[in-house]
Amino acid sequence: MGFRIILLGPPGSGKGTQAEKLNDDLGLIRLSTGDMLREAVRDQTELGKMAKQYMDKGALVPDDVVIGLIEEKILHIKEGFVLDGFPRTVQQADALRKFADIEHVINLDVDDEELVSRLTKRRSCPDCNVVFHLIYKPPMKDGVCDKCGAALYQRSDDTEETVRARLKVYRDNTFPLIEYYGKQGILVNIDGKGNINEIYEAIEASL
Ligand code: AP5
């Protein structure tokens, strides 16, 4: 079994970007609760209809729902994995301990103004979930995913108003996990500002 990693950090800190690199480079399975929920919203499943009401406001989807989603996936994984966007509350972290043994928690640290600027200029692929940035990581062809050729879109929760609401939700609910994992001795803080490849090298060096 490979590494079992959590990527922690506020919205826009680069969790998805770095999780994709860990997947490409080390073959770790990327488990993103955000991507799973957006897929359910697109497919208009019962889960998707319920989750959309929370996601549109930048609020968290109820703990029991996301815990169920992740547990179901992790139990079938034989390789290593990287969790992107889970856990987000102490209740989720407590539940995770019962079904997975996490080795590394990487906390990406980025200030709020940079986060707002990153998210309002983000473009995402609906098919393979790769993310781009209009300035820092533009696609080779305007509006088209480099990896799979699908048309890129802007997430409905990437408006400035909703981003600021998500940052507050992060501070109130997810920030306490830094201390939670710090006490367990498995947390590494990494400066999430700067060159994407250099941040990845710092993550790799910490494993
Ligand atoms: P989710 O999809 O998980 O969103 P998030 O945590 O807000 O994180 P983001 O995807 O916005 O950012 P990221 O850190 O992955 O950054 P990225 O790499 O894309 O969740 C969405 C919603 O789903 C939640 O609001 C909630 O409603 C629900 N949900 C999900 N999980 C849940 C859970 N566990 N419990 C309850 N509810 C849940 O990068 C951002 C941009 O910056 C990109 O454009 C990228 O190209 C660019 N970028 C990345 N790195 C750099 C860099 N170093 N320099 C410059 N630009 C960079």
Side-chain angles (χ1 to χ4, degrees), residues 1-40 47 51 54-55 59-110 115 128-131 166-167 169-193 196-207:
M1 179 150 211
F3 295 114
R4 298 175 298 279
I5 301 173
I6 293 173
L7 284 181
L8 209 59
S13 55
K15 301 182 298 294
T17 302
Q18 298 297 338
E20 188 205 339
K21 291 178 89 62
L22 285 162
N23 174 264
D24 288 346
D25 194 30
L26 301 179
L28 303 181
I29 306 283
R30 177 179 167 207
L31 295 173
S32 158
T33 36
D35 287 346
M36 292 173 203
L37 292 168
R38 276 184 291 279
E39 198 179 310
L47 164 67
Y54 296 91
M55 295 170 82
L60 294 182
V61 173
D63 285 334
D64 54 335
V65 174
V66 281
I67 290 167
L69 278 178
I70 284 290
E71 183 172 12
E72 153 81 20
K73 297 270 180 194
I74 282 188
L75 293 178
H76 294 101
I77 292 181
K78 305 248 177 323
E79 310 90 333
F81 58 79
V82 52
L83 288 168
D84 160 11
F86 182 95
R88 262 181 153 92
T89 63
V90 169
Q91 287 78 1
Q92 292 179 20
D94 283 342
L96 178 66
R97 284 177 96 155
K98 297 189 186 127
F99 57 82
D101 191 12
I102 299 297
E103 300 171 283
H104 303 278
V105 180
I106 314 282
N107 180 48
L108 296 172
D109 192 22
V110 180
L115 295 171
C128 69
N129 299 311
V130 173
V131 290
R166 285 159 62 198
L167 289 175
V169 167
Y170 165 79
R171 271 189 298 276
D172 293 346
N173 299 277
T174 312
F175 185 77
L177 292 181
I178 296 176
E179 192 184 342
Y180 180 99
Y181 286 115
K183 280 187 184 152
Q184 292 178 28
I186 53 173
L187 181 93
V188 177
N189 282 302
I190 289 192
D191 183 357
K193 233 177 142 172
I196 291 173
N197 290 330
E198 286 173 12
I199 296 167
Y200 179 70
E201 281 166 22
I203 292 175
E204 212 185 3
S206 77
L207 299 177

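Throughout, residue positions are numbered sequentially from 1 according to the sequence presented.
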Inset, instruction - Output, in order, the C-alpha distance, side-chain angles, deciding distance and verdict of side chain to side chain contact (heavy atoms under 4.5 Å, CB included) for I70 and L83. - result: CA-CA 9 Å; I70 284 290; L83 288 168; 3.8 Å; yes
Inset, instruction - To the nearest 0.5 Å, tell me how far E201 CD sits from S206 OG. - result: 12.5 Å
Inset, instruction - Evaluate side-chain hydrogen bond (donor to acceptor under 3.5 Å, both in side chains) for Y181 paired with N107, printing each intermediate quantity in order. - result: CA-CA 10 Å; Y181 286 115; N107 180 48; over 6 Å; no
Inset, instruction - Kindly compute the distance separating CZ (F81) from CD1 (I29), expressed to the nearest 0.5 Å. - result: 10.5 Å
Inset, instruction - Measure the shortest side-chain to side-chain distance between I77 and L31 over non-hydrogen atoms and say whether it is less than 4.5 angstrom. - result: yes
Legend entry - Short N-O contact, D109 and K193, less than 4.0 angstrom: no
Legend entry - salt_bridge(K21, D24) N-O dist < 4.0 Å: no
Legend entry - Reported CD-to-CD1 distance for the pair E72 and I67, which is rounded to 0.5 angstrom: 14.5 Å
Legend entry - Side-chain touch L7/Q18, heavy atoms, less than 4.5 angstrom: yes
Inset, instruction - Check the surroundings of atom CZ in F99: do more than 12 heavy atoms from other residues, nucleotides or ligands lie under 6.0 Å from it? - result: yes
Legend entry - Residues in side-chain hydrogen bond (donor to acceptor under 3.5 Å, both in side chains) contact with T89, at least two apart in sequence or another chain: D63
Legend entry - Beyond-backbone contact of Y200 with T17, side-chain heavy atoms, under 4.5 angstrom: no
Legend entry - Electrostatic pair K15:D84 at N-O distance under 4.0 angstrom: no
